[in-house]
Amino acid sequence: MSEILVQQVQPDPAASGTTAAEQAAATAEGDLSDRDREILAFERQWWKYAGAKEQAVRELFGLSATRYYQVLNALIDSPAALAHDPMLVKRLRRMRSTRQRARSARRLSDGQA
């Protein structure tokens, strides 16, 4: 029987309290905070965690699902995140764009009825 090794991302308590101004300053400098790197690592392998993604987000980062996705969306727009993990960031941007187009199409079709 083979064992599955799952790398668990442990949040840095100091990094989880980072303010928006500190995040903006870190991004402007081209650096990612520890929390930003942890979020990207989590997005790279969240499916390995048992249970719902939202539950894992709450346990690992202490954030609500809504706040997590707000942070993630800002993060994937940053050049520092793109430089850190280009394939992941481009995939997340594509997925976001696809969801936005689907929502727009639904709104348009609902409005023409």
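Heavy-atom basis, side chains included; hydrogens, waters and symmetry copies ignored.
Looking at E43 and K53, a side-chain N of the basic residue comes within less than 4.0 Å of a carboxylate O on the acidic one, giving a salt bridge.
Atoms CD1 and OH, from I76 and Y69 in turn, are 11.5 Å apart once rounded to the nearest 0.5 Å. Annotation: the span from M87 atom CE to L92 atom CG amounts to 11.5 Å, rounded to 0.5 Å. Going from atom OG of S78 over to atom NE2 of H84 covers 10.0 Å, rounded to the nearest 0.5 Å. Rounding to the nearest 0.5 Å places OG of S104 at 5.0 Å from CZ of R107.
Applying the side-chain hydrogen bond (donor to acceptor under 3.5 Å, both in side chains) criterion to S97, with sequence neighbours excluded, gives R101. When the side-chain hydrogen bond (donor to acceptor under 3.5 Å, both in side chains) test is applied to E54, no partner is found at least two apart in sequence or on another chain. Looking at residues two or more places apart in sequence or on another chain, you find no side-chain hydrogen bond (donor to acceptor under 3.5 Å, both in side chains) involving K90. Applying the side-chain hydrogen bond (donor to acceptor under 3.5 Å, both in side chains) rule to R44 yields the partners D85; only residues at least two apart in sequence or on another chain are considered. For R96, the salt bridge (Lys or Arg N to Asp or Glu O under 4.0 Å) test picks out D77, with sequence neighbours left out.
Considering D34, V57, L75 as possible partners of I39, the one that fulfils the side-chain contact (heavy atoms from CB on, under 4.5 Å) test is L75.
Inter-residue side-chain proximity for L82 and R93 is flagged as met; some heavy-atom pair is nearer than 4.5 Å. No side-chain heavy atom of T98 sits less than 4.5 Å from a side-chain heavy atom of M95.
Shortest non-hydrogen contact noted between A80 and L32 is CB-CD2, 3.8 Å.
Under the 30°/60° scheme for interplanar angles, the aromatic rings of F61 and F42 are found to stand perpendicular.
For the residue pair R103 and Q100, no side-chain donor N or O sits within less than 3.5 Å of a side-chain acceptor on the partner.
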